[in-house]
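Note that the numbering runs from 1 along the sequence shown for the chain. Note that the structure is a prediction, hence the values are computed from the model and not measured. These numbers come from the heavy atoms of this one structure, side chains and all, not from hydrogens, waters or symmetry mates.
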Amino acid sequence: MDGDGEELTAQETALYDRQIRVWGADAQRRLSKSHVLVYGMKGTVAENIVLAGVGSLTLVDDRAATEEMLSSNFLIPPDENVYSGKTLAELCCNSLKDFNPMVHVSVEKGDLSSFDVEFLSKFDVVVVSCCTLSAKKLANGKCRKLSKRVAFYAVDCRDSCGEIFVDLQDYKYSKKKQDETVECDLKYPSFEDALSVPWRALHRRMSKLYYAMRVIEKFEEAEGRSTGEVSIADFSGLLKLKKEICTAQSLNESQVPDSLLKRLVTNATEFPPVCAIIGGILGQEVIKAISGKGDPLKNFFFFDAFDGKGIIEDISPK
């Protein structure tokens, strides 16, 4: 994600004029050269990336479109005759091409765990959602094996809550401080390393959503469930696992409220306003990672529509 390469065309300069005024021509040139992979068409993950003017966007989601998905993903055409027989990625691809014809949008098929390091090396940014705990760890680990730095994001929306995890590895960027430009350096842990931090080592006001998300992920993993398959019928088992994890982690169970866990599994469908907020934050973070402009998020972001708060938590091994 360097700044070398061809200048912006007249068409690009005209289309992205407002963005160039905000973050400069060099940042827009980096965006126009970048290649982004989005695995899992979760709500509004992709359209903000397309609107920013990346060079190419590759979508992967082999699921068939359902009426339930239609309620939270406006990229799916409402006509069943149109989406019948097509994968979710194929349907979203057609819609995204209309958002910004200058971005090359394509579709790949396959499971996240089947993509090797060579395949991932084609991208500057990898965004994953709708995948299991082990799949997130595996994909992040593969990104870290590459000779170049690949920005990695894991996104999860459950009912009225959302989470973003960010791994930019060893990330250098610049920001304005008063009248001068300051060079900054941030070191990010992997998803696996971040989750390995003992709960008793986290600060006392840690987002309760962090703990709740981890309990649900662990339950899905233990029961062999796909993401989003846990329902209210599993609530008693979820509470049992919560108690076991809290005991093992020396954490008071009140830090993982039963009411929050219940809310996250009662309604498995995505809440469109939350998807829009998470998608907007993600789009801005991807722009920062590619352009090298502005303070990036480190390394978790949580949003709960019940209180309307967005919380950033830096969870890193000491």
To the closest 0.5 Å, what do you measure between NZ (Lys218) and CG (Leu238)? 13.5 Å

Once you round to the nearest 0.5 Å, how far does CD1 of Ile49 lie from CG of Leu282? 5.0 Å

For Thr87 and Arg63, what are the C-alpha separation, side-chain angles and deciding distance, and is it a side-chain contact (heavy atoms from CB on, under 4.5 Å)? CA-CA 5 Å; Thr87 68; Arg63 295 177 297 169; over 6 Å; no

Does NZ or CZ of Arg263 come closer than 6.0 Å to the centre of the six-membered ring of Phe306, within 45° of the ring's axis? yes

Can you tell whether the side chains of Asp295 and Lys175 come within less than 4.0 Å, N to carboxylate O? yes

Donor-acceptor pair, Asn94 side chain versus Leu91 backbone, under 3.5 Å? no

Do Tyr39 and Phe115 touch side chain to side chain, with heavy atoms closer than 4.5 Å? yes

Just how far is it from atom SG of Cys246 to atom CG of Leu251, taken to the nearest 0.5 Å? 5.0 Å

Ionic contact status for Glu192 with Lys136, cut-off 4.0 Å: no

Distance in Å, Ser207 OG paired with Ile312 CD1, rounded so as to fall on 0.5 Å steps: 12.0 Å

Taking the side chain as everything from C-beta on, heavy atoms only, tell me whether Lys122 gets closer than 4.5 Å to His35. no

Quick one: do Lys242 and Asp258 make a salt bridge, cutoff under 4.0 Å? yes

Quick check: does any side chain N or O of Glu12 sit under 3.5 Å from a backbone N or O of Ser32, one acting as donor and the other as acceptor? no

So do Val274 and Ile277 actually touch side chain to side chain, heavy atoms under 4.5 Å? no

Between Gln28 and Ala52, is there a donor-acceptor pair closer than 3.5 Å when you use the side chain of the first and the backbone of the second? yes

Carboxylate-amine/guanidinium proximity below 4.0 Å for Asp234 and Arg225: yes

Spacing of CZ belonging to Phe152 relative to OH belonging to Tyr188, to within rounding of 0.5 Å: 14.0 Å

Within the side chain of Asn140, is there an N or O that forms a donor-acceptor pair under 3.5 Å with the backbone of Phe191? yes

Can Glu220 and Arg158 be counted as an ion pair, charged N to O under 4.0 angstrom? yes

Does Ser291 use its side chain to pair, donor to acceptor, with the backbone of Ala27 at less than 3.5 Å? no

In plain terms, say whether Lys309 and Asp307 are close enough for a salt bridge, that is, a side-chain N and a carboxylate O under 4.0 Å apart. no

What I want to find out is whether Lys243 reaches Glu253 closely enough, with some N-O distance under 4.0 Å, to be called a salt bridge. yes

How far apart are the closest heavy atoms of Tyr211 and Gln255, and which atoms are they? CD1-O, 3.6 Å

Under the criterion ring-ring contact (aromatic ring centres under 6.0 Å, His included), I'd like the reasoning laid out for Phe303 against Phe301: C-alpha separation, chi angles, the key distance, then a yes or no. CA-CA 7 Å; Phe303 179 78; Phe301 174 80; 7.0 Å; no

Ion pair present between Arg144 and Asp167, side-chain N to carboxylate O less than 4.0 angstrom? yes

Val105 and Val107: same hydrophobic cluster, using ILVMFWY side-chain contacts below 4.5 Å? no

Ignoring hydrogens and angles, tell me if any N or O in the side chain of Lys148 forms a donor-acceptor pair with the backbone of Ser121 under 3.5 Å. yes

Quick check: do Thr266 and Asp159 have side-chain heavy atoms less than 4.5 Å from each other? no

Among Glu108, Met41, Glu90, which residue meets the side-chain contact (heavy atoms from CB on, under 4.5 Å) test with Leu59? Met41

Would you sort out whether Lys109 and Asp62 count as a salt bridge (charged side-chain N to carboxylate O under 4.0 Å, His left out), showing the intermediate values? CA-CA 6 Å; Lys109 291 190 175 183; Asp62 296 344; 5.9 Å; no

Any donor-acceptor pair under 3.5 Å linking the side chain of Ser34 with the backbone of Leu31? yes

Between Phe123 and Phe119, how do the two ring planes meet: parallel, tilted or perpendicular, split at 30° and 60°? perpendicular

Side chains of Val256 and Val215: does their closest heavy-atom pair fall under 4.5 Å? yes

Do Leu202 and Ile315 touch side chain to side chain, with heavy atoms closer than 4.5 Å? yes

Say whether, by atom type as modelled, one donor and one acceptor occur between the side chain of Asp61 and the main chain of Leu88 under 3.5 angstrom. no

Is there a path of hydrophobic side-chain contacts, each under 4.5 Å between heavy atoms of I, L, V, M, F, W or Y residues, that connects Leu138 with Val60? no

Do Tyr173 and Tyr171 have ring centres separated by under 6.0 Å? yes

Does Asn48 reach the main-chain N or O of Gly279 with its side chain, forming a donor-acceptor pair under 3.5 Å? yes

Closest contact, heavy atoms only, Leu8 versus Ala25: CD1-O, 3.9 Å

Given 3.5 Å as the limit, does a donor-acceptor pair link the side chain of Lys240 with the main chain of Phe235, or not? no

Kindly indicate whether the side chain of Pro257, heavy atoms from C-beta on, has any atom under 4.5 Å from the side chain of Lys208. yes

Minimum heavy-atom separation for Leu261 to Ala212, with atom names? CD2-O, 3.8 Å

Where is the tightest heavy-atom contact between Ala46 and Leu57, given as atom of each residue plus distance? CB-CD2, 4.1 Å

Would you say the side chain of Cys143 lies within less than 4.5 Å of the side chain of Arg149, judging by non-hydrogen atoms? no

d(Ser129 OG, Asp156 CG) to nearest 0.5 Å is 8.0 Å

Verdict with supporting geometry, Tyr210 and Leu195, side-chain contact (heavy atoms from CB on, under 4.5 Å): CA-CA 10 Å; Tyr210 172 75; Leu195 297 192; 3.6 Å; yes

Which is it for Leu209 and Leu264 under the side-chain contact (heavy atoms from CB on, under 4.5 Å) test, yes or no, and what are the steps along the way? CA-CA 10 Å; Leu209 194 50; Leu264 293 177; 4.0 Å; yes

Looking at Glu163 and Arg214, is there a salt bridge between them, counting it only when a charged N and a carboxylate O are closer than 4.0 Å? yes

Would you name the heavy atoms of Ala139 and Leu120 that are closest together and state the gap between them? O-CD1, 4.2 Å

Minimum heavy-atom distance Val197-Ser316, with the two atoms named: CG2-C, 3.7 Å

Test of understanding: clusters of I, L, V, M, F, W, Y form through side-chain heavy atoms closer than 4.5 Å, transitively. Do Ile311 and Trp199 belong to the same one? no

Between Lys137 and Ser190, is there a side-chain donor-acceptor contact under 3.5 Å, judged purely by atom types and distance? no

Answer yes if Val126 and Val117 sit in the same cluster of Ile, Leu, Val, Met, Phe, Trp and Tyr residues linked by side chain heavy atoms under 4.5 Å apart, and no otherwise. yes

With side-chain contact (heavy atoms from CB on, under 4.5 Å) as the test, would you mind laying out the steps for Asp185 and Asp170 before giving the verdict? CA-CA 7 Å; Asp185 189 359; Asp170 188 356; 2.6 Å; yes

Among Leu297, Val128, Val127, exactly one meets side-chain contact (heavy atoms from CB on, under 4.5 Å) together with Tyr153. Which residue is that? Val127

